[in-house]
Amino acid sequence: MDASFDAVSRALLDWYDAHARDLPWRARPGTPPPEPYRVWLSEVMLQQTTVAAVKDYFAAFTSRWPSVEALAVASDEDVMAAWAGLGYYARARNLLACAREVAANGGRFPDTEEGLRALPGLGAYTAAAVAAIAFERRAVVVDANVERVVARLFALDEPLPGGRTAIRERADAITPQARSGDFAQAMMDLGATVCTSRAPRCLLCPLASHCTAQAMGEPERFPVKAPKKAKPARRGRAFWIERDEHVWLVRRPGKGMLGGMRALPDDGWNARADGSGDGPLAGPWESAGKVGHVFTHFSLELNLTVYLGDQCDSLARHEGEWWPLEQLDAAGLPTLFAKAARLALAGTGEEA
DNA sequence: AACTCGTGGTC
DNA sequence: TGACCAAGAGT
């Protein structure tokens with residue numbers, strides 16, 4: 001087994017030169033890097049998110065806001081609505097805060113890992129990735145792909161998250177001085193297309209001859225992960241209030257679940273979670289079915305009730321807006337409430 | 001350190 | 001079909 005720096009990095013970069021994925025935010029291997037704005041935007045969108053899910057959002061954002069200065073002057077409302085459906089909405093809030101900070105400093109991103117790390121929404125991974133890919137700095141880029149590849153390459157079996165320290169040390173040891181951005185992207189391509197979580201394709205792997213886990217015959221055993229906690233089931237209510245072809249929408253608080261997003265009024269299920277809360281009107285409410293949705297650490301059954309009357313004076317005491325039904329797509333509802341809206345507009349029924 | 005924070009695809 | 005998973009960050 002020769003997992004030395006030179007052998008691994010050369011084999012991987014050769015493979016990347018021949019097999020790099022062609023992605024909208026990426027330059028061809030060996031050509032000048034893309035604008036830092038595009039690298040940064042793509043990396044934030046790709047946090048815990050698949051390439052397939054990001055592509056359309058990346059195209060929409062770069063078309064509507066072609067530069068960090070353009071994004072910096074966008075409204076919170078427009079950016080949050082444009083992010084709707086992509087998830088992890090704190091990313092969108094930090095994205096805008098970061099754009100405004102960069103714009104205030106002349107529109108140029110810091111060109112060092114340390115400088116990037118100080119910006120909102122850039123943690124250890126994203127700061128290293130932008131430094132390496134956009135600025136061609138040597139940086140140790142460790143995401144879930146790199147963790148998997150490195151854990152297998154060296155058969156590191158200390159369970160995550162504790163095992164991340166040893167993985168980072170090994171990743172550092174095989175990261176080259178030159179082309180560290182290509183090296184990082186090569187590791188991620190390898191993890192995404194060859195060294196996959198399930199059923200890795202070791203016959204196609206440029207590092208197979210260097211890989212301890214492959215030699216052991218059980219690459220899928222790595223990386224070892226700590227067992228996960230069970231997801232509790234929560235219940236809640238949401239309220240569809242419709243009058244004159246408009247529906248009453250609210251904006252959720254700036255932090256916490258779906259923070260800053262437009263939404264249907266609900267019973268505070270995020271805190272109460274037993275479906276016992278009241279709506280913003282006295283009613284009468286008519287049941288419209290229920291919506292099931294699974295979040296990261298709990299599942300939710302949302303009972304939807306509808307009010308179609310015109311006694312809406314009490315809504316004046318609440319923050320909210322009458323939104324035209326024919327433009328509901330533009331409201332930027334997160335998926336949970338988009339499901340509920342679909343249910344309300346389809347009449348009574350159920351949606352799993 | 002452990003917890004919060006979305007979504008859609010895969011098997 | 002439920003459990004796992006994905007270019008993690010903030011607290």
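None of these values were measured; they are calculated from a predicted model.
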*When all nucleic acid strands are considered with a 4.0 Å heavy-atom cut-off, which category describes A/M188: base, sugar-phosphate, or nothing?*
base
*asked:* Heavy atoms only, 4.0 Å cut-off, all strands: where does A/L86 land among base, sugar-phosphate and nothing?
replied: base
*At under 4.0 Å between heavy atoms, what does A/V44 touch on the DNA or RNA strands: base, sugar-phosphate, or nothing?*
nothing
*Whole-angstrom distance between B/dC11 and C/dA7, as gauged at atom P*: 15 Å
*Between A/D172 and A/R138, does at least one N-O distance fall below 4.0 Å, as a salt bridge requires?*
yes
*Using a heavy-atom cut-off of under 4.0 Å over every strand shown, decide if A/A124 touches base, sugar-phosphate, or nothing.*
sugar-phosphate
*Between A/S42 and A/R117, who's closer to the 5' end of DNA chain C by nearest nucleotide?*
A/S42
*Determine the contact category for A/G85: base if any of its heavy atoms lies under 4.0 Å from a base atom, sugar-phosphate if only primed atoms, P, OP1 or OP2 are that close, otherwise nothing.*
sugar-phosphate
*Base, sugar-phosphate, or nothing: which does A/R26 touch, judged by heavy atoms less than 4.0 Å apart?*
base
*Using the P atom as the reference point in each nucleotide, state the distance between B/dG6 and C/dT11 in Å, no decimals.*
14 Å
*Output yes when at least one side-chain N/O atom of A/K231 is less than 4.0 Å from OP1 or OP2 of C/dA3, else no.*
no
*Please work out if A/A144 contacts a base, only the sugar-phosphate, or nothing of the nucleic acid, heavy-atom cut-off 4.0 Å.*
sugar-phosphate
*asked:* Regarding A/R38 and A/E35, does a basic nitrogen lie under 4.0 Å from an acidic carboxylate oxygen?
replied: no
*Which is true for A/G256 with a 4.0 Å heavy-atom rule: it touches a base, it touches only sugar-phosphate, or it touches nothing?*
sugar-phosphate
*Between A/Q47 and C/dG8, is there a side-chain N or O to OP1/OP2 distance below 4.0 Å?*
no
*For A/T126 and C/dA9, is the shortest distance between a side-chain N/O and OP1 or OP2 below 4.0 Å?*
yes
*Please work out if A/K255 contacts a base, only the sugar-phosphate, or nothing of the nucleic acid, heavy-atom cut-off 4.0 Å.*
nothing
*Mind checking A/T49 for me? I need base, sugar-phosphate or nothing, with any heavy atom below 4.0 Å counting as a touch.*
base
*Rounded to the Å, how far apart are A/R221 CZ and C/dC4 P?*
19 Å
*Ionic contact status for A/D157 with A/R152, cut-off 4.0 Å*: no
*Please state how far atom CD in A/E220 lies from atom P in C/dC4, giving the value in whole angstrom units.*
16 Å
*Can you tell me the distance, in whole Å, between the CG atom of A/L119 and the P atom of C/dA9?*
12 Å
*asked:* Rounded to whole Å, please give me the gap between NZ in A/K229 and P in B/dA1.
replied: 17 Å
*Does OP1 or OP2 of B/dG8 have a side-chain N or O of A/T335 closer than 4.0 Å?*
yes
*Are any of A/Y89's side-chain N or O atoms less than 4.0 Å away from OP1 or OP2 of B/dT7?*
yes
*Could you state the interatomic distance from CH2 (A/W83) to OH (A/Y89), rounded to the nearest 0.5 Å?*
10.0 Å
*Rounded to whole angstrom units, what separation is found between the CE atom of A/M80 and the P atom of B/dC5?*
14 Å
_Atom-to-atom span, OH of A/Y57 to P of C/dA6 - whole angstrom_ = 21 Å
_Using the ring centroid of each side chain, check whether A/F239 and A/W285 are separated by less than 6.0 Å._
yes
*Kindly indicate whether the side chain of A/R21 and the base of C/dA7 share any N or O donor-acceptor pair separated by less than 3.5 Å?*
yes
*A/W25 near the nucleic acid: base, sugar-phosphate alone, or nothing, with a heavy-atom cut-off under 4.0 Å?*
base
*For A/K228 and B/dA2, is the shortest distance between a side-chain N/O and OP1 or OP2 below 4.0 Å?*
no
_Length of the CG-P vector between A/L46 and B/dG8, whole Å_ = 16 Å
*Base, sugar-phosphate alone, or nothing: which one does A/L23 contact when heavy atoms must sit under 4.0 Å apart?*
base
_Under a 4.0 Å threshold between the charged nitrogen and the carboxylate oxygen, would A/E319 count as salt-bridged to A/R251?_
no
*Base, sugar-phosphate, or nothing: which does A/P161 touch, judged by heavy atoms less than 4.0 Å apart?*
nothing
*asked:* Can you say whether a donor on the side chain of A/T50 sits under 3.5 Å from an acceptor on the base of B/dG8, or the other way round?
replied: no
*asked:* Counting only side-chain nitrogens and oxygens, does A/R148 get under 4.0 Å of the OP1 or OP2 atom of C/dA6?
replied: yes
*Atom-to-atom span, CG of A/L95 to P of C/dG8 - whole angstrom*: 16 Å
*Identify, between A/R198 and A/Q48, the residue whose nearest nucleotide on DNA chain B lies closer to the 5' end.*
A/Q48
*Side-chain N,O (A/H293) to OP1/OP2 (B/dT7) below 4.0 Å*: yes
*salt_bridge(A/R28, A/D17) N-O dist < 4.0 Å*: no
*5'-most contact on DNA chain C: A/N94 or A/D189, nearest heavy atom basis?*
A/D189
*Closer to the 5' end of DNA chain B via nearest nucleotide, is it A/A52 or A/M257?*
A/M257
_Salt bridge or not between A/D189 and A/R21? Use side-chain N to carboxylate O under 4.0 Å._
yes
